[in-house]
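On a predicted model such as this, the values are computed, not experimentally measured, just so you know.
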Amino acid sequence: MARVTLQTIADRVGVSRMTVSNAFSRPDQLSPALRARILSAAEELGYAGPDPAARALAKGSTGAIGVLLTDSLQVAFTDEFATGFLAAVAGALGPTGLALTLLTTSPEQHEVIPARDVAIDGALIYSCDPGSAATVWLRRRNLPMVLVDQEPEAGIPSVNIDDRGGARAAAAHVLELGHRRIAILSSSAIGPFGRLSTTELDGLSNTTRARLSGWLDVLVPAGVTPVILQQRPYLPETEAAAARALLALPERPTAVLCFSDAVAATMVRTAQEAGLRVPQDLSVVGFDDSPVATRLEPALTTVHQDVTAKGRAAVDALTAEIKRRAVGDAGRRADDVLLPTRLVIRNTTASPPQD
């Protein structure tokens, strides 16, 4: 069978090749009736549409944006909050016609490096090590970018939540309940691990540093020096080991502030396996208000952030940046966004047990 081209369809309908091209790429240039005739002829002839690579070359854009994730896709899709963010991004992209391409910061052992080689019009850098090779490659490409859950930088729009304020609210809550033996079970993809002092905040991820700072903002002035255990994310075995280490302290904490709901869920389950009651013997507070917070028994007290609003804000900022670059506008970029957080009190916190 002869290859079907734009000219083949043009000959069938009796219009120019450019008119057929406009039916696919610039439909506003044709009447609805003429476009319908062209598309009907294309379907009859088995034409799949213009070659995407050639179309992208002609337009100077790919019609896709990338999202750079912290780790491998397999790991990312085990994190309900990360998948919630991706769903929000995908939903916000729907009306724009842009596609979503997932990139990772995994060790680059292959000939193709997605952050370097995949064709995209811009990228969201989501909670990544700023020194990772993938992040460096995206910067070298000088693509429009938006930082999400990252340290804000001059010249690059960012979308963050009020991590520090949310952590302050969580710490204030356990203090108001009367707790003084308080521990922090934290998590970071980079930085020091194990037991940290209250001054060891350098080298941590932006989100981890902000949450630790918020907890300490409240605890230290109240005369409480918390035990801080820092572990790597997405490793349930290390989370459980850290939780057991906290429970084995000579002065067992009566409350634990956790980096995320996933970490908090591990803390609750580990305590229950050790024969402790939550919250009667141990109060636990999470962060994020992910689906696990309400599935947990008892339901988790946590800090809520609006993941849908974060995804939408990130897409809005990136599409604005892409448009600004497309028209050669070197003027004012999109404003940085800081979304609010709020404490949600459920059933994993109560007054400390009486010694």
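One finds the CZ atom of Arg324 at 12.5 Å from the OG1 atom of Thr319 (value rounded to the nearest 0.5 Å). To the nearest 0.5 Å, atoms CG (Leu339) and CD1 (Ile161) are separated by 8.0 Å. Taken from CG in Leu246 to CD1 in Ile182, the straight-line distance is 12.5 Å, to the nearest 0.5 Å. Atom CG of Leu276 sits about 8.0 Å away from atom CE of Met267, to the nearest 0.5 Å. Here the CG-CG distance, from Leu98 to Leu93, works out to 6.0 Å after rounding to the nearest 0.5 Å. How far OG of Ser158 is from CG of Asp335: 10.0 Å, rounded to the nearest 0.5 Å.
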- [ ] Apply the test side chain to side chain donor-acceptor pair (under 3.5 Å) to residues Thr207 and Ser205: give CA-CA distance (whole Å), side-chain angles for both, the deciding distance (0.1 Å), then the verdict.
- [x] CA-CA 6 Å; Thr207 299; Ser205 70; 5.3 Å; no

Task: side chain to side chain donor-acceptor pair (under 3.5 Å) evaluation trace for Thr302 with Asp289 - done: CA-CA 6 Å; Thr302 187; Asp289 203 13; 5.3 Å; no

Open item on the list: side chain to side chain donor-acceptor pair (under 3.5 Å) for His173 and Thr301? Distances and angles first, verdict last.
Closed with: CA-CA 10 Å; His173 172 60; Thr301 294; 4.9 Å; no

TODO: Starting from the C-alpha separation in whole Å, work towards a yes-or-no answer on side chain to side chain donor-acceptor pair (under 3.5 Å) for His179 and Ser283.
DONE: CA-CA 9 Å; His179 292 275; Ser283 289; 3.3 Å; yes

Task: Stepwise salt bridge (Lys or Arg N to Asp or Glu O under 4.0 Å) test for Asp202 and Arg209 - done: CA-CA 8 Å; Asp202 292 338; Arg209 188 171 61 254; over 6 Å; no

TODO: Give the C-alpha distance, both sets of side-chain angles, the deciding distance and a yes or no for salt bridge (Lys or Arg N to Asp or Glu O under 4.0 Å) between Arg244 and Glu273.
DONE: CA-CA 10 Å; Arg244 288 192 294 270; Glu273 290 167 1; 5.7 Å; no

TODO: List the steps and the verdict of side-chain contact (heavy atoms from CB on, under 4.5 Å) for Val20 and Val15.
DONE: CA-CA 7 Å; Val20 175; Val15 296; 3.8 Å; yes

Task: side-chain contact (heavy atoms from CB on, under 4.5 Å) assessment of His304 paired with Leu343 - done: CA-CA 6 Å; His304 175 84; Leu343 181 68; over 6 Å; no

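Although no hydrogens or angles enter the test, the distance criterion places no donor-acceptor pair under 3.5 Å between the side chain of Arg252 and the main chain of Arg181. No donor-acceptor pair closer than 3.5 Å links the side chain of Asn347 to the backbone N or O of Pro298. Checking side-chain atoms of Asp121 against main-chain N and O of Gly63 turns up a donor-acceptor pair under 3.5 Å. Listed for the Thr270 side chain is a donor-acceptor partner under 3.5 Å among the backbone atoms of Thr266. At least one donor-acceptor pair closer than 3.5 Å links the side chain of Thr8 to the backbone N or O of Thr5. Panel note: side chain Asp288, backbone Ser290; no donor-acceptor pair is recorded below 3.5 Å. Side chain of Arg211 to main chain of Phe259: a donor-acceptor pair is present (N/O by atom type, distance under 3.5 Å, no hydrogens or angles). Side-chain atoms of Arg342 do not come within 3.5 Å of backbone N or O of Gln305 as any donor-acceptor pair. Asn22 places no side-chain N or O within 3.5 Å of a backbone atom of Leu30 that could act as its donor or acceptor partner. Counting only distance, with no hydrogens or angles, the side chain of Gln272 and the backbone of Glu297 share a donor-acceptor pair below 3.5 Å.
Between Leu318 and Leu124, some side-chain heavy-atom pair lies under the 4.5 Å cut-off. Contact check for Thr254 versus Pro353: side-chain heavy atoms found under the 4.5 Å cut-off. Counting heavy atoms from C-beta on, the side chains of Asp163 and Thr341 never come closer than 4.5 Å.
Taking the charged nitrogens against the carboxylate oxygens, Arg139 and Glu153 do have a contact shorter than 4.0 Å, which makes a salt bridge. Ion pairing between a basic and an acidic side chain is recognised when a charged N comes within 4.0 Å of a carboxylate O; Glu80 and Arg295 show such pairing.
Of the listed residues (Val263, Val268, Val285, Ile184), just one forms a side chain to side chain contact (heavy atoms under 4.5 Å, CB included) with Cys258, and that residue is Val263. With Val159 as the partner, the side chain to side chain contact (heavy atoms under 4.5 Å, CB included) test is satisfied by one option alone out of Val337, Leu338, Asp336: Val337. For the salt bridge (Lys or Arg N to Asp or Glu O under 4.0 Å) with Lys310, the lone residue among Asp149, Asp162, Asp316 that qualifies is Asp149.
Relative orientation of the Phe287 and Trp215 rings is perpendicular, given thresholds of 30° and 60° on the angle between their planes.
Linking Ile, Leu, Val, Met, Phe, Trp and Tyr residues whenever their side-chain heavy atoms come within less than 4.5 Å leaves Val344 and Val174 in two separate clusters. Leu216 and Val227 end up in different hydrophobic clusters when Ile, Leu, Val, Met, Phe, Trp and Tyr side chains are linked at under 4.5 Å. Cluster membership check: Leu212 shares its hydrophobic cluster with Val220, using side-chain heavy-atom separations under 4.5 Å among Ile, Leu, Val, Met, Phe, Trp and Tyr.
Within 6.0 Å of CZ in Arg346 there are more than 12 heavy atoms belonging to other residues, nucleotides or ligands. Remark: Arg17 CZ is loosely packed, at most 12 non-hydrogen atoms of other residues, nucleotides or ligands lying under 6.0 Å away. More than 12 heavy atoms of other shown residues, nucleotides or ligands fall within 6.0 angstrom of atom CD in Glu151.
Scanning all heavy atoms of the two residues, the minimum distance from Ser213 to Leu201 falls at OG-CD1, 3.6 Å. Shown here for Gln231 and Ala242, the closest heavy-atom pair between the two residues is CG-CB, 4.4 Å.
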